[in-house]
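Below: one structure, written as structure tokens.
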Amino acid sequence: MELRQLRYFVTVVEEGGFTRAAARLHLSQPGLSAQIGQLEKELGQPLLDRSNRSVTATEVGRAVLPYARAALASADAVQQTVDEHTGLLRGRVTLGLVSGATSRAFDIASFLADFHGAHPALEIALTEDTSARMQAALLSGEIDIALLGPTWEVPPPGISHRTVIDAPLVAAVTSDDPLLTPADRSSVPLADLRGRRLICLPRGTGVRAALERACAQAGFRPHVAFEAAAPDVLAQLAARGLGVAVLPLGEEDPDSGGALRTLRIVEPGVRARIVLAWSAAGPASPAAQAFLDRLREALRSVSWRGPDQGSRGGIQAW
């Protein structure tokens with residue numbers, strides 16, 4: 001009996017058939033079937049019922065399954081222990097990233113390439129989603145670490161975080177927009193956006209949640225005519241006169257040729273944040289801990305806070 005044969009058996013049960021199991025294991029289906037057959041011959045009992053379209057474990061197979069999984073877990077633990085003592089990281093780390101959030105502040109692609117070069121045996125998975133869904137994924141353990149815009153007013157139990165970016169929200173408009181009267185205006189009360197066609201990040205993002213909370217406090221509901229996941233797209237739409245873009249300061253479209261003017265949103269002030277977030281219980285593996293430590297160090301050199309941090313007690317988000 002070999003560990004790989006036990007792994008093959010467990011995989012076939014989990015996938016419900018040889019075809020999917022072979023694809024997951026990167027084996028040919030005949031080769032996988034032959035290995036399972038050898039295991040059954042050695043044990044003297046069939047472990048799999050092949051009589052139906054979906055392959056299932058026999059009564060003996062169901063009895064063997066927990067022991068097979070325990071044997072594989074023990075073997076993996078032995079390898080992980082050796083790797084930890086030799087400094088070799090293995091396993092998988094999943095990083096969640098809110099779309100467009102760090103495009104200018106941090107080169108995530110270069111960071112991942114450098115980390116992979118230092119730890120080639122570690123698999124890194126990158127996923128993009130809304131901040132709200134990533135917060136839920138952190139709490140459920142589906143992802144290890146996330147760069148997201150918090151939708152919370154008070155951090156939920158179970159999540160630790162560190163602020164990476166903190167900037168005020170602005171209204172970006174074309175040069176002929178009535179909001180720019182008088183000409184020396186540098187800010188706009190939130191109430192002046194009542195009834196205006198707004199361009200904003202979608203629901204589930206911190207910026208959108210903060211905008212809606214602030215508007216509710218001011219007694220109106222924002223009219224969001226366009227939404228997009230990336231701030232530069234919002235700016236491009238505003239530059240074409242389609243509405244007022246609500247953006248974090250500094251995210252105006254650099255290719256707009258100066259077509260946009262920005263006004264700080266005040267009364268109340270609304271701030272945009274990006275935070276690095278992880279489980280309050282700590283990363284689930286040594287690999288995830290090493291990844292988090294390296295990412296925190298890398299982000300330390302690019303972290304910044306916008307002007308007048310907290311001076312108006314504004315609502316914070318991304």
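Under the ring pair (Phe, Tyr, Trp, His ring centres under 6.0 Å) criterion, the residue pairs touching residues 161-218 are Trp152-His161, with sequence neighbours excluded. Within the structure, salt bridge (Lys or Arg N to Asp or Glu O under 4.0 Å) pairs that include any residue of residues 52-73 comprise Glu14-Arg69 (at least two apart or interchain).
Under the 4.5 Å side-chain criterion, counting only non-hydrogen atoms from C-beta, Phe291 is in contact with Leu95. At a threshold of 4.5 Å between non-hydrogen side-chain atoms, the residues Ile36 and Phe18 count as touching.
Rounding to the nearest 0.5 Å places CG of Leu295 at 4.5 Å from CZ of Phe111. Atoms SG and CZ, on Cys215 and Phe220 in that order, are 3.5 Å from each other to the nearest 0.5 Å. With rounding to the nearest 0.5 Å, the separation of CG in Asp166 from CG in Leu249 is 11.0 Å. Once rounded to the nearest 0.5 Å, the distance linking CD1 of Ile145 with CG of Leu138 reads 9.0 Å. Residue Asp144 holds its CG atom at 10.5 Å from CD of Gln289, rounded to the nearest 0.5 Å. Atoms NE2 and CG, from His116 and Leu112 in turn, are 10.5 Å apart once rounded to the nearest 0.5 Å.
Judged purely by atom type and a 3.5 angstrom limit, Ser33 has no side-chain atom pairing as donor or acceptor with the backbone of Gln29. Here the side chain of Arg264 pairs no donor or acceptor atom with the backbone of Val170 at under 3.5 angstrom.
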Apply side-chain contact (heavy atoms from CB on, under 4.5 Å) to residues Thr205 and Leu148 and explain how you reach the verdict. CA-CA 8 Å; Thr205 60; Leu148 55 82; over 6 Å; no
Show your reasoning for whether side-chain contact (heavy atoms from CB on, under 4.5 Å) applies to Gln35 and Arg7. CA-CA 10 Å; Gln35 288 294 322; Arg7 194 177 301 279; over 6 Å; no
Apply side-chain contact (heavy atoms from CB on, under 4.5 Å) to the pair Arg203 and Glu212, showing each step before the final yes or no. CA-CA 10 Å; Arg203 284 190 172 92; Glu212 292 181 345; 3.5 Å; yes
Are Val246 and Ile265 close enough, and set up right, to give a side-chain contact (heavy atoms from CB on, under 4.5 Å), and what steps lead you there? CA-CA 9 Å; Val246 178; Ile265 297 174; 4.1 Å; yes
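When the salt bridge (Lys or Arg N to Asp or Glu O under 4.0 Å) test is applied to Glu40, the partners found at least two apart in sequence or on another chain are Arg50. For Glu123, the salt bridge (Lys or Arg N to Asp or Glu O under 4.0 Å) test picks out Arg92, with sequence neighbours left out. Remark: Thr127 engages no residue in a side-chain hydrogen bond (donor to acceptor under 3.5 Å, both in side chains) (not counting sequence neighbours). Under the rule for a side chain to side chain contact (heavy atoms under 4.5 Å, CB included), the partners of Leu27 that lie at least two apart in sequence or sit in another chain are Tyr8, Leu25, Leu32. Taking Ser51 as the reference, Asp49 meet the side-chain hydrogen bond (donor to acceptor under 3.5 Å, both in side chains) condition, with sequence neighbours excluded. Partners of Ser110 by side-chain hydrogen bond (donor to acceptor under 3.5 Å, both in side chains), not counting sequence neighbours, listed by chain and number: Asp107. For Leu43, the side chain to side chain contact (heavy atoms under 4.5 Å, CB included) partners two or more places apart in sequence, or in a different chain, are Met1, Leu39, Leu47. Residues that satisfy the side-chain hydrogen bond (donor to acceptor under 3.5 Å, both in side chains) test with Asp176, not counting sequence neighbours, are Thr174. The salt bridge (Lys or Arg N to Asp or Glu O under 4.0 Å) search around Glu42 returns none, not counting sequence neighbours.
In plain terms, the two heavy atoms of Ala228 and Leu234 that are nearest each other are N-CD2, 3.6 Å. Residues Leu211 and Leu198 approach most closely at CD2-CD1, 4.2 Å, considering heavy atoms.
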List the atom pairs, with distances to 0.1 Å, where a side-chain N or O of residues 189-197 and a protein N or O form a donor-acceptor pair under 3.5 Å, not counting sequence neighbours.
unit_1	atom_1	unit_2	atom_2	d
Asp192	OD2	Arg185	NH2	2.7
Arg196	NH1	Asp177	OD1	3.2
Arg196	NH2	Asp177	OD2	2.7

